[in-house]
Asks: 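Shown below is the structure under consideration.
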Amino acid sequence: MYKKFFKLNYGDNNFCRLYLPNKNSHNIPTIIYCHGWTKPIQGGGRILGGAPKAVRDLAIKNNMAFLSFDQFGEYRTWGDNRYFTHERWGEGVKNVYDYIVNSGLSHDGLIGCFGISSGTTAAFRMEQKYQKLAFNVSVATAISNNIINPGGPRQFYLDNKEHLDNGGLVKYCGKKISKLFFEDDDKNLCIEHLEKVKCPTLFLQGALDNDRRKQDALDGFNFLKENGIYTEYFLVEGGGHGLEQKAKLCAEKTIDFIKRVLKI
């Protein structure tokens with residue numbers, strides 16, 4: 001396996017880790033890994049572990065590339081969370097997608113996403129805006145207003161409206177963020193724009209995950225299916241939020257889905 005760690009010299013702040021079957025690999029299916037608001041050890045920061053690592057390793061065995069990147073405000077990007085929004089994360093996915101195409105590694109029709117938790121928000125945001133993804137694998141799907149607390153960002157904003165409107169910051173999911181985040185989510189909530197999703201989508205949902213993520217996965221699956229988009233749903237018994245307990249099964253389901261929708 002060939003590894004390359006780098007930053008893009010354009011677009012938003014990011015830090016990329018590219019894994020290839022060999023140094024000269026090109027024109028191969030490529031998986032963009034979108035991490036959520038996780039502890040670094042779970043995938044988005046210092047090391048790649050759990051389900052993302054299992055997906056990467058199986059992808060390499062199947063002659064696929066795997067590109068993991070720290071999105072704005074995470075670990076090596078040094079982004080200021082006062083300016084963090086899911087829109088920036090969606091644009092980050094597009095920046096990485098463009099790098100893959102421009103570098104000759106892969107091309108339209110072979111590039112998709114594997115996202116976990118809020119990373120699924122970034123993947124859906126990119127697809128809803130650009131309709132570029134060839135596939136999307138969504139683990140612990142986060143597309144509704146109920147991202148963390150009951151009532152979600154909208155209620156959290158209302159509870160802190162005066163402070164935020166006066167330029168203050170609030171701590172949400174471990175980040176000190178501003179009104180920008182809440183305004184963006186209110187306007188662009190994924191579940192309210194799913195008709196713009198055109199790519200085949202697999203929802204992998206841990207049975208031990210919280211009820212909000214379970215409902216989001218079912219709602220996303222049902223909506224896309226009703227709109228004629230090829231979609232699959234698989235409930236992983238014994239799987240938690242990031243499917244760490246079922247990493248091997250997660251990888252197998254992910255790679256099998258990609259191979260089927262790409263007909264390889």
Asks: Taking atom types as modelled and ignoring hydrogens, do the side chains of Asp12 and Tyr83 form a donor-acceptor contact shorter than 3.5 angstrom?
Replies: no
Asks: State yes or no: do Phe156 and Leu158 share one hydrophobic cluster built from I, L, V, M, F, W and Y residues joined by side-chain heavy-atom distances below 4.5 Å, directly or via other members?
Replies: yes
Asks: Among Asp211, Asp216, Asp209, which residue meets the side-chain hydrogen bond (donor to acceptor under 3.5 Å, both in side chains) test with Arg213?
Replies: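 Only match with Arg213 under side-chain hydrogen bond (donor to acceptor under 3.5 Å, both in side chains): Asp216.
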Asks: If two hydrophobic side chains count as joined below 4.5 Å and joins carry through other members, does Leu169 share a cluster with Phe84?
Replies: no
Asks: Is it true that Lys187 and Glu192 have a side-chain N and a carboxylate O under 4.0 angstrom from each other?
Replies: no
Asks: Give the table of side-chain donor-acceptor pairs shorter than 3.5 Å for residues 49-58, with sequence neighbours excluded, one pair per line with atom names and distance.
Replies:
from	atom 1	to	atom 2	distance (Å)
Lys53	NZ	Asp57	OD2	3.0

Asks: Please give me the minimum heavy-atom distance between Leu243 and Gly239, naming the atom from each residue.
Replies: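 Taking Leu243 first and Gly239 second, the nearest heavy atoms are CD2-CA, 3.9 Å.
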Asks: Test Asp184 against every option in Arg88, Arg125, Lys179 by the salt bridge (charged side-chain N to carboxylate O under 4.0 Å, His left out) rule and name the one that passes.
Replies: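 Of the listed residues Arg88, Arg125, Lys179, the salt bridge (charged side-chain N to carboxylate O under 4.0 Å, His left out) partner of Asp184 is Arg125.
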Asks: Side chain of His107, backbone of Asn27: donor and acceptor closer than 3.5 Å?
Replies: no
Asks: The test is side chain to side chain donor-acceptor pair (under 3.5 Å); show your working for Asp159 and Gln155 and say whether it passes.
Replies: CA-CA 6 Å; Asp159 292 341; Gln155 186 60 52; 2.9 Å; yes
Asks: Within the 3.5 Å criterion, strictly below it, is a donor on Ser118 or Thr121 matched to an acceptor on the partner's side chain?
Replies: no
Asks: Just by distance, no angles: are the side chains of Glu91 and Asn95 close enough, under 3.5 Å, to form a donor-acceptor pair?
Replies: no
Asks: Starting at CG of Leu67, measure out to CD1 of Ile32 and round the result to the nearest 0.5 Å.
Replies: 6.5 Å
Asks: Just how far is it from atom CD1 of Ile111 to atom OG1 of Thr30, taken to the nearest 0.5 Å?
Replies: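 Going from CD1 on Ile111 over to OG1 on Thr30, the span is 5.5 Å.
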Asks: Is the NZ atom of Lys7 crowded by more than 12 outside heavy atoms at less than 6.0 Å?
Replies: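 For Lys7, atom NZ is crowded (more than 12 foreign heavy atoms under 6.0 Å).
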Asks: Ser25 and Leu105: which non-hydrogen atoms are nearest, and at how many Å?
Replies: O-CD1, 3.8 Å
Asks: Report yes or no: is the cationic atom of Lys94 (NZ for Lys, CZ for Arg) under 6.0 Å from the centre of the six-membered ring of Tyr130, at an angle within 45° of the ring normal?
Replies: yes
Asks: Taking the six-membered ring of Phe234, is NZ or CZ of Lys253 closer than 6.0 Å to its centre and within 45° of its axis?
Replies: yes
Asks: Okay, side chain of Asn102, backbone of Asp98: is any donor-acceptor separation there less than 3.5 Å?
Replies: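 Here the side-chain-to-backbone pair exists.
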Asks: If the condition is side chain to side chain contact (heavy atoms under 4.5 Å, CB included), which residues does Ala122 pass it with, not counting sequence neighbours?
Replies: Gln71, Trp89, Val93
Asks: Say whether Asp165 and Tyr157, considering side chains only, have a donor N or O and an acceptor N or O under 3.5 Å apart.
Replies: yes
Asks: Show the nearest heavy-atom pair for residues Gln205 and Ala217, with the distance to one decimal.
Replies: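 The answer is OE1-CB, 3.7 Å.
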Asks: Mark yes or no for whether His35, through its side chain, and Tyr33, through its backbone, hold a donor-acceptor pair below 3.5 Å.
Replies: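 Judged by distance alone, no pair lies under 3.5 Å.
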Asks: Sub-3.5 Å donor-acceptor pair from the side chain of Asn210 to the main-chain atoms of Arg212, do we have one?
Replies: yes
Asks: If only atom types and distance count, is the side chain of Ser106 paired as donor or acceptor with the main-chain N or O of Ile28 below 3.5 Å?
Replies: yes
Asks: Which heavy atom of Ile31 sits nearest to which heavy atom of Ala59, and what is that distance?
Replies: CD1-CB, 3.9 Å
Asks: Under 3.5 Å, is there a donor-acceptor pair between the side chain of Tyr10 and the main chain of Tyr99?
Replies: yes
Asks: Please check this pair: side chain of Asp80 against backbone of Arg82, looking for a donor-acceptor N/O pair closer than 3.5 Å.
Replies: yes
Asks: Taking side chain to side chain contact (heavy atoms under 4.5 Å, CB included) as the test, write out the residues that go with Pro200, two or more places apart.
Replies: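 Listed in chain order: Tyr230, Phe257, Val261.
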Asks: For a 4.5 angstrom cut-off between non-hydrogen side-chain atoms, does Thr254 reach Leu204?
Replies: yes
Asks: Any cation-pi pair here, Lys4 with Phe6, using under 6.0 Å and within 45°?
Replies: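 Yes, Lys4 and Phe6 form such a contact.
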Asks: Kindly determine whether Ile177 and Phe182 satisfy side-chain contact (heavy atoms from CB on, under 4.5 Å), including the steps that lead there.
Replies: CA-CA 9 Å; Ile177 55 180; Phe182 300 100; 4.0 Å; yes
Asks: Which heavy atom of Leu235 sits nearest to which heavy atom of Gly206, and what is that distance?
Replies: CD1-C, 4.2 Å
Asks: For the aromatic rings, using the six-membered ring if either is Trp, is the centroid distance between Phe181 and His86 under 6.0 Å?
Replies: yes
Asks: Would you please say whether a donor-acceptor pair under 3.5 Å links the side chains of Asn136 and Thr201?
Replies: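 Looking only at side-chain atoms, Thr201 and Asn136 do not form any donor-acceptor pair under 3.5 Å.
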Asks: Are any side-chain N or O atoms of Gln128 and backbone N or O atoms of Val197, one a donor and one an acceptor, separated by less than 3.5 Å?
Replies: no
Asks: Keeping the roles fixed (side chain from Asn22, backbone from Asn24), state whether a donor-acceptor pair exists under 3.5 Å.
Replies: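 Confirmed, Asn22 side chain pairs with Asn24 backbone.
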Asks: What closest approach, in Å, do Tyr97 and Gly109 show between heavy atoms, and which atom pair accounts for it?
Replies: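 Answer, listing the atom of Tyr97 first, then Gly109: OH-N, 4.4 Å.
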Asks: Where do Tyr233 and Leu218 land on the side-chain contact (heavy atoms from CB on, under 4.5 Å) test, with the steps shown first?
Replies: CA-CA 8 Å; Tyr233 172 90; Leu218 282 172; 3.7 Å; yes
Asks: Between Asn81 and Lys176, is there a donor-acceptor pair closer than 3.5 Å when you use the side chain of the first and the backbone of the second?
Replies: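 No; judged by distance alone, with no hydrogens or angles, the pair does not exist.
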